[in-house]
Visitor: 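Handing you a structure now.
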Protein chains: 4
Amino acid sequence: MVSPKRPATQPASNRAERAAERRGAIVEAAMDEFIARGFAATRLDDVAKRAGVAKGTIYLHFKDKESMFEELIRTAIVPLVMSLGAAPPRPDATVRDMVEGFAKTFIEQVATTRRGDIVRLIVAEGPRFPAVADFYYREVVSRGLAGMRAMIELGIARGEISNKNLARFPQILVAPALIAVIWQSLFSKHAPLDAIEMLQVHLDLVFGERRTT
Amino acid sequence: MVSPKRPATQPASNRAERAAERRGAIVEAAMDEFIARGFAATRLDDVAKRAGVAKGTIYLHFKDKESMFEELIRTAIVPLVMSLGAAPPRPDATVRDMVEGFAKTFIEQVATTRRGDIVRLIVAEGPRFPAVADFYYREVVSRGLAGMRAMIELGIARGEISNKNLARFPQILVAPALIAVIWQSLFSKHAPLDAIEMLQVHLDLVFGERRTT
Amino acid sequence: MVSPKRPATQPASNRAERAAERRGAIVEAAMDEFIARGFAATRLDDVAKRAGVAKGTIYLHFKDKESMFEELIRTAIVPLVMSLGAAPPRPDATVRDMVEGFAKTFIEQVATTRRGDIVRLIVAEGPRFPAVADFYYREVVSRGLAGMRAMIELGIARGEISNKNLARFPQILVAPALIAVIWQSLFSKHAPLDAIEMLQVHLDLVFGERRTT
Amino acid sequence: MVSPKRPATQPASNRAERAAERRGAIVEAAMDEFIARGFAATRLDDVAKRAGVAKGTIYLHFKDKESMFEELIRTAIVPLVMSLGAAPPRPDATVRDMVEGFAKTFIEQVATTRRGDIVRLIVAEGPRFPAVADFYYREVVSRGLAGMRAMIELGIARGEISNKNLARFPQILVAPALIAVIWQSLFSKHAPLDAIEMLQVHLDLVFGERRTT
DNA sequence: TATGAATGAGCGTTCATTCAT
DNA sequence: TATGAATGAACGCTCATTCAT
């Protein structure tokens, strides 16, 4: 959340920079509002207020509410992919270690942050925004599942994973992660969920229980 | 579309009955609309039209849109619980068989029907309707998880489940089922998902692979 | 301008009647506003206020501002045509008498009333509302000119009109009438125009000067 | 789109000249837009774009939209008057020849050009812009009618015009010309109108039919 | 002088809610 | 009880006007 009023010391950054700042503020504010209220219930007035700009300014950056929403989600998905794709390719590590690293990254970078809320937002609005659902499927789901499948197959080849059918349903591998995301939004106040622990247990199911030395 | 003047031949089903019919029609229509559009985007005009009643009639049965939504969800959850709680208590069966039966019931009764959409609706609107989320947690989630935990513990006691930590995270057991529900709504047109098969594989992870004779 | 509140003595006219009254009030109000401000500058808020209804009520009768405008004009043109077409077909009268009667009717029924303003409104907005211009041409202009041409030809045949070319330009016969309409709206406060007199003089040109005994 | 930095080779036409150029471009663009859309529906954004200047630049030349419109019309009227007042004062010609020359000039210089659209624009917006209507009356209408009246009186004196009352309604003389202007804008696509021919016929009415030798 | 990003009042339209019938 | 016409607050979007650069 950058203050819209640049401190006097700063030498008045150029126009483009200022515009980018404003746009950023709008994006942040809109994201927050969309997450908090969903698409239909979000008021552009509130977005503008939260972003510290006038209502009309939003329309200098986005064609209308709908395309703002779609563009926002698309934009937000990119770092989501990046934060996951950033899994270090340690070829010498065990598959379990790789998956575990990946899972931890997910929990830290997604499940416990606003990125997780975006995932829930997509689940919530997807049916009304096929373009969003399509994009999400293409950029995140299909890629993510392909990556998981590759991991699973490697695990099977190396003998780390015994259930050969798992490769057909990589969804199983990520299911608890998604559960964690949804749990955060809906039930964490009723009963906290230790996502990291849960993922460990789940990985034990997949890879066999770790011999606790 | 029932004629307002009941023909004299009809034994004049009493008023209460007629009212209940109307109310039922409204509930059905509202449910469909809420599922299709979400809370905020649903128009009571459309609900009334779909239910075949006048707009004002809705207000004879519900205080306002919000409480209608909450009441609807609550009402819809009951058969959800019932359809799941109806698991026959075969004490002689293996735990896996019990869980499997339960899972199949879920797939058939929930994941592939409108009930699944209701689950997604709760995920979507839950944060804006704490009362709904609370009710859902109390009536479905906590009970369901308790039941699952009991099953798991029985499985552990009987030696069917080796991972003792699983009892701490019964969410893991239901995670793929929830995935199936969400997948139906969002991605089934991109790639169909055989939920039954997926659950089988998942149960293989939990109970150990079935020796396919 | 009918009072929206029916006097208590009246036995509460039925719904349809009330609706027609309201619609009539909206039409009146909208006509006045459109004439006074033109299409773009007319505010539906003002129309509603003037009609004594809520803004939303307008939308119970008209799809949107644009179609309201077009429908209004179309509706207003009908009595315009009628008031002109009502020229009594006195076959024994001279052509001049017929044209004169027609002209007087026009001056009395159109040029000096709000109907004249509607003509000016069509001139003003026609280019932006081709549908309006088309309708006006079809229903009023082409018919009116055809009628005029018939009169002129009759006049020529009877020897009342000597200039045979006039039949090719019946516009000439109506031009002063249109001038009168426009003059009313724009310049009557600068210099009043005695339209009746002017038409007499014009007819003298067409039919030859009357021998004022 | 003129480069803001004038190349050194150019003898740097002074600022005032550049400003006048810009102002001219704005005037042209605004005129086109006002004619095409009317006052209220014209967007200064479009004017600026069409003129090739920034929106703010308009405000360096005009106080606001309203006064721009009024000033524009006033400015546009001047050449209108000039193009008409430029009637050569051939004292030896017949009055009919003079009027005919005048009429042809009008058809060529006004009715078939954008100037005619300006006349229609004044008819359309006049009631909302009394200043415009006043100015137009003062500068064009009253002068034009006075000129016409003088012609008519000369015609009467010379025996070319027999109807002495015509001098009281010089409007009759110009009515067909105005009709031609309006017809161009509204109905020329439905039925073309040969304005020159029509004016000839009209003059035959006024001056008596020409003996076609 | 010229720019165009930013503003915010204002408008068309929608829709939950009311109420006379 | 049921209706649906009527309401009016609220929202998305536009555009004349301003002003920092």
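Chain letters run A, B, ... following the sequence lines, proteins first, then strands; residues in each count from 1.
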Visitor: To the nearest Å, how far apart are B/R23 CZ and F/dA2 P?
Guide: 12 Å
Visitor: Can you name the side-chain hydrogen bond (donor to acceptor under 3.5 Å, both in side chains) partners of D/D134, sequence neighbours left out?
Guide: C/H190
Visitor: Which residues pass the side-chain hydrogen bond (donor to acceptor under 3.5 Å, both in side chains) test with D/D32, sequence neighbours left out?
Guide: D/R50, D/R114
Visitor: Once you round it to whole Å, what is the distance between C1' of F/dT18 and CG of D/L44?
Guide: 13 Å
Visitor: Short of 4.0 Å, heavy atom to strand atom, which residues of residues 56-72 of chain D count as contacting DNA chain F?
Guide: D/Y59, D/D64, D/K65
Visitor: Which pairs of donor and acceptor atoms, one on a side chain in residues 51-58 of chain B, lie under 3.5 Å apart (sequence neighbours left out)?
Guide:
| residue | atom | partner | partner atom | Å |
| --- | --- | --- | --- | --- |
| B/T57 | OG1 | B/A54 | O | 3.4 |

Visitor: Using heavy atoms to find the nearest nucleotide of DNA chain F for A/K55 and D/F39 separately, return the residue whose nucleotide is more 5′.
Guide: A/K55
Visitor: Tell me the salt bridge (Lys or Arg N to Asp or Glu O under 4.0 Å) pairs involving residues 120-130 of chain A, sequence neighbours left out?
Guide: A/E125-A/R128
Visitor: Under the ring pair (Phe, Tyr, Trp, His ring centres under 6.0 Å) definition, can you give me all pairs with a residue in residues 19-47 of chain C, not counting sequence neighbours?
Guide: C/F34-C/F39, C/F34-C/F69, C/F39-C/F69, C/F39-C/F129
Visitor: Considering only residues two or more places apart or on different chains, which pairs with a residue in residues 59-75 of chain D satisfy salt bridge (Lys or Arg N to Asp or Glu O under 4.0 Å)?
Guide: D/R23-D/E71
Visitor: Is the phosphate of E/dT3, meaning OP1 or OP2, less than 4.0 Å from a side-chain N or O of D/R22?
Guide: yes
Visitor: Indicate the atoms forming the closest heavy-atom contact of C/A76 with C/I118, along with that distance.
Guide: CB-CD1, 3.5 Å
Visitor: Round to the nearest Å and state the distance from A/D45 atom CG to F/dG12 atom C1'.
Guide: 9 Å
Visitor: Answer yes or no: is there a donor N or O on one side and an acceptor on the other, between the side chain of B/T42 and the main chain of B/R37, under 3.5 Å?
Guide: no
Visitor: Map C/V53 and D/A41 onto DNA chain F by nearest heavy atom, then report which one ends up closer to the 5' terminus.
Guide: C/V53
Visitor: A/A20: what forms a side-chain contact (heavy atoms from CB on, under 4.5 Å) with it, not counting sequence neighbours?
Guide: none
Visitor: When the distance from CD of B/E33 to C1' of E/dA16 is rounded to whole Å, what number comes out?
Guide: 15 Å
Visitor: Between F/dA2 atom C1' and B/I26 atom CD1, what is the distance in whole Å?
Guide: 10 Å
Visitor: Let me spell it out: for each of B/T42 and A/A19, pick the nucleotide of DNA chain E with the closest heavy atom. Which residue's pick is nearer the 5' end?
Guide: A/A19
Visitor: Given atom CZ of B/R43 and atom P of F/dC11, what is their separation to the nearest angstrom?
Guide: 17 Å
Visitor: Any chance you could encode DNA chain F as dot-bracket? Rule is Watson-Crick or G-U wobble with both distances under 3.5 Å; [ ] for pairs crossing earlier ones, | for another strand.
Guide: .||||||||||||||||||||
Visitor: Could you give the CD-to-P distance, from B/E17 to F/dT1, as a whole number of Å?
Guide: 16 Å
Visitor: For D/D46 and F/dA16, give me the distance from atom CG to atom P, rounded to whole Å.
Guide: 9 Å
